[in-house]
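Working notes for the structure below.
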Amino acid sequence: MIREISKTYEANKYEDEIYKLWEESGFFNPDTCQPWAEDKNRKKYCNILPPPNANGELHLGHASGYTVMDIFGRYHRMKGEKVLLFPGKDHAGIQSQVVYEKKIKAERGISRYDLGREKFYKEIYDFCIDRSNYMRAQEKKIGISADWSREKFTLDPDVLSRALETFVKMEKDGMIYRGERIINWCPRCSTALSDVEVLHKKTAGKLYYIKYPLKDSKQFITVATTRPETMLGDTAVAVNPKDKRFEKLVGKIVILPLQNREIPIISDRRMEMEFGTGAVKITPAHDPLDWQIGKDHKLQEIQVINEKAEITKLGGKYVGQKVEEARENIVRDLTEFGLIEKIEENEINKSICERCKETIEPLISKQWFVNVDAKKYSLKKESLKAIKTGKIEVYPKSFGKIMTQWFSGLHDWCISRQIWWGPQIPVWYCEKCGEENYIVSIEKPKKCPKCKGAELIQDQDTFDTWFSSGQWPYTTLGYPKGKDYKDFYSTEMMVTGRDLLFFWASKMIMMGLYRTGKVPFKNLFFTGLIRDKDGLKMSKSKGNGVDPLQMIEKYGADALRMSLITDTTPGLDTRLYEEKIEKYRNFVTKLWNIYRYSFSSNENFKLEEKISRHDLKSLADSWIVSRVNQAILEASKMLENKNIAMAENILIKFTWDDLASWYLEIHKLEKNDKVLGYVLEKILKLWHPFMPFVTEKIYGDANLRIHANATNKKVKILMVEKWPVSDKKLINKKAEKEFQNLQEIIGKIRNIRSSYRIAPSEIIEAYAKKLKNQEIIEKLGRVKFSDAKKQGIEISGKDLKIVLDIAELIDVEKEKKNFYKEITNLENLIAKNSALLANKNFLASAPKEIVENNKIKLAEYREKLKSQKDLLDNLKKLS
RNA sequence: GGGCAAUUAGCUCAAUGGCUAGAGCACCUCGUUUACACCGAGGGGGUUAUAGGUUCGAGUCCUAUAUUGCCCACCA
């Protein structure tokens, strides 16, 4: 060994230093990444990275997304394109506020009200910046080749003002309105939520049948409800107009129990006759459907539940009680009055807050909305068009369909939140002129433009986080005049989790189209969720989470990256567990050892970029060079098709099976360093997007060795080397076929060795006529050929018959059985194939190539069958 | 209630209508022959969920069914 290379690659020893090398090279930045002559027409590739919420730490979801983005990014960079992976962080309105409130509660025992709005905002801002720095360090550990010099935060002044301008523009275009409507209210977060921020969870509940007495009558009408406490705010009872049972009651008045209020019985076709009794209580202030019905029937809205989920004054004696408490008391009181007919067990669809899981209270509240289907511009219709016309290519395809459906049924978007963290809505009120005469302006106007006098107060509400992050692709790039915007928009690629489909991806499409007239990205790639070994969601409470940083520390970033993309399909969930990561750590070691072997075998060994046919000295040379060019072809095609898992598969198969298991062993005999150096150079490049660290390390070390004594010690960086192009002249199907035959023969020898337990140290005497590749067979089969004819078992391959001198060891009966089995198998194949070739339809319809292949195969099977029969006859003679 | 997906070896998953449906893990046997025991060689293990259909040809396309998962939805 000329120089010591360690047996294993110690990832944690090198990764930081390699990342530093990349960073300092300036090649993450497309402006300074020009390793090739600057070409004006150089293709641009931009991927705006989804900004993680700046309030926690990196988890596996981020790691898997980043891996996908980085693979594509590095691939395109190596293809010579101008690549920008644009990093950033999201202030994450509600989530960050929840996190920070918990933190100050736990650490200081205080609430946000103790701090006051201004101080709270300042603290949480510092907290997010602090977390951003921390998370950035973690992101680098994954190896993502992002341009950190451009990094943005959603609250950076330039980014933010561009986002706010959109609100101003929308308002001008008549797409914004403020209204009292029923909204989803989270009592814990004390804010309104949009529809997508509400989760529906099936839970066990009860269905209460309550008797409402009719006015001036002893009759009752029974209504069924899961939320009896809302009856305090009932303003009607509704039935379906087609419902014969209640025909005569429509228009009558009932006395609302407990409240002693007179309310009408109305009819509305939206009532399901099958549900409960068919009669339903209507509470416009606390149920979305009832609110609609209330509007249509001009019913009074009586708010009996407040923002803290407590009963209001209008709820009479139950005032101040929590809804659950009030429910119990009301049911008890009703029971006392004999007004509960029955109580049934019932599965209910509970609405909960996506962030804190608290039960949602539907309330009527004054909020800002985006009209998604406005006259001047329809966000809904334009988005639908972009997807349907294929302006955005969605991976997987089926998600495009899901989006289409979602957009079709889209409701107006509530964008105001009653939280303190986040940008305030740029709307100003004048005390004199009233809230109806609001002024929209990003800067605070000096005076009220109407009355020219009074002080202006800004709207207290903040924006839905998705309002700003939904604009991320162009606010970051400096719309409308920025150079980056001109260079890179529409961006090429967006990769995001399938859980963000409606939250984020959809918003980016809507707002990007509205503001810029162009799609924000041409390709939209969804990743699935990472689950644990049993397919369960990872969560802190379950303790089944895998910490990506721990895994990187233990197995290396390359191994983690590989395990995150292996066997994945876009949009589908995948399972991750330590054994899987371990497997790829082992693979990294394998690659390392291919390098170790190559460079230890000869002190002049070097990587070879090119090779000519004269350099191919043997069958094995032609074969491996053909195979590697085939691998380049296929892997590149898979990457173009966005099928990274498949590309990975192809490369693993080549590296482990073809190169390591076969060619390296043959190299020990033939020692064609030129060929090995060529193949190694290619696979380092091919693997780089997937495993950037180990490949960069090997490449660097390998070149250092070459340049050790040279004057030019400029370090070559693999990250910006050119992606290999398949040299089709070197693809040699004939050599591949011939080598396959060789592999088959050696396989058979090994099989026999194994079944008779012949130790590897024992060399078997053998004999063959017309022997080719003798040395290879001898080495890999551990046999020794001589001229003397032998007695024993015979093996055959194409044009070759080998006799192994182990007559005394063989169990003839067992071998006979093996032959019979193989003969039957071949006979079946021949029958199948002949039938196919006799089929006129097949000959007429199948492509010529397939027909040809089948003919060749049939001939092969026949030949094999013949030789198997011969061998069997010879075997029989032996017994 | 509606939609989408999945169902292939014991497990996790591949397979772009066409070569005897492939990997890894696990399992069994053997083995340190100086790249690698984070390894190597060999082996067992499949009616591709079920039933039909289209096709010269189906794991792949179509239609049902079953099971599982996810998403959406104003059955209170």
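Side chains are part of it too, since the values below use all heavy atoms of this structure and drop only hydrogens, waters and symmetry mates. Below, chains carry the letters A, B, ... as their sequence lines are ordered, and counting in each starts from 1.
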Less than 4.0 Å between a side-chain N and a carboxylate O, is that true for A:D290 and A:K281?
no

May I ask which nucleotide in the shown strands pairs with B:G42, Watson-Crick or G-U wobble, both distances under 3.5 Å?
B:C28

Any salt bridge between A:E579 and A:K533, counting N to O under 4.0 Å?
yes

With heavy atoms under 4.0 Å as the rule, sort A:K668 into base, sugar-phosphate or nothing.
base

Under a 4.0 Å threshold between the charged nitrogen and the carboxylate oxygen, would A:E301 count as salt-bridged to A:K295?
yes

So A:P847, base contact, sugar-phosphate only, or nothing? Heavy-atom distance under 4.0 Å.
base

How would you label the contact of A:R753 with the nucleic acid (heavy atoms, under 4.0 Å): base, sugar-phosphate, or nothing?
nothing

Polar atoms only, N or O, under 3.5 Å: list the protein pairs with nucleotides 40-42 of chain B and their distances.
from	atom 1	to	atom 2	distance (Å)
B:G40	OP1	A:K590	NZ	2.9
B:G40	OP1	A:W656	NE1	2.5
B:G42	O2'	A:S754	OG	3.4

Tell me which nucleotide, if any, is Watson-Crick or G-U wobble paired with B:C4 when both distances must be under 3.5 Å.
B:G69

Applying the 3.5 Å cut-off to both distances, the Watson-Crick or G-U partner of B:U60 turns out to be none

Do A:N240 and A:F275 come close enough that some side-chain heavy atom pair is under 4.5 Å?
no

May I ask you to say what A:Q405 touches in the nucleic acid, namely base, sugar-phosphate or nothing, with a heavy-atom cut-off under 4.0 Å?
sugar-phosphate

Base-pairing mate for B:A21 - Watson-Crick or G-U, with both contacts under 3.5 Å:
none

Test item: A:N833 side-chain N/O and A:L858 main-chain N/O as donor-acceptor pair under 3.5 Å:
no

Does A:T569 reach a base, just sugar-phosphate, or nothing at all? Heavy atoms under 4.0 Å.
sugar-phosphate

Would you indicate which nucleotide in B:G1, B:A35, B:C71 comes nearest to any side-chain atom of A:L664?
B:A35

Need one value for A:F587: base, sugar-phosphate or nothing, where a base atom within 4.0 Å counts as base even if backbone is also close, heavy atoms only.
nothing

Need one value for A:N828: base, sugar-phosphate or nothing, where a base atom within 4.0 Å counts as base even if backbone is also close, heavy atoms only.
nothing

Check: B:C30 base within 3.5 Å donor-acceptor of A:R757 side chain
no

Salt-bridge present (A:E578, A:K554; N to O < 4.0 Å)
yes

Scan for side-chain hydrogen bond (donor to acceptor under 3.5 Å, both in side chains) pairs involving residues 581-592 of chain A, sequence neighbours excluded, and state none if there are none.
A:T566-A:Y584

Rounded to whole Å, please give me the gap between CG in A:L529 and P in B:C4.
20 Å

Nearest to the side chain of A:K401 - B:C74, B:C4, B:U12?
B:C4

Ignoring the backbone of A:L836, work out which of B:A76, B:C56, B:C19 is nearest its side chain.
B:C56

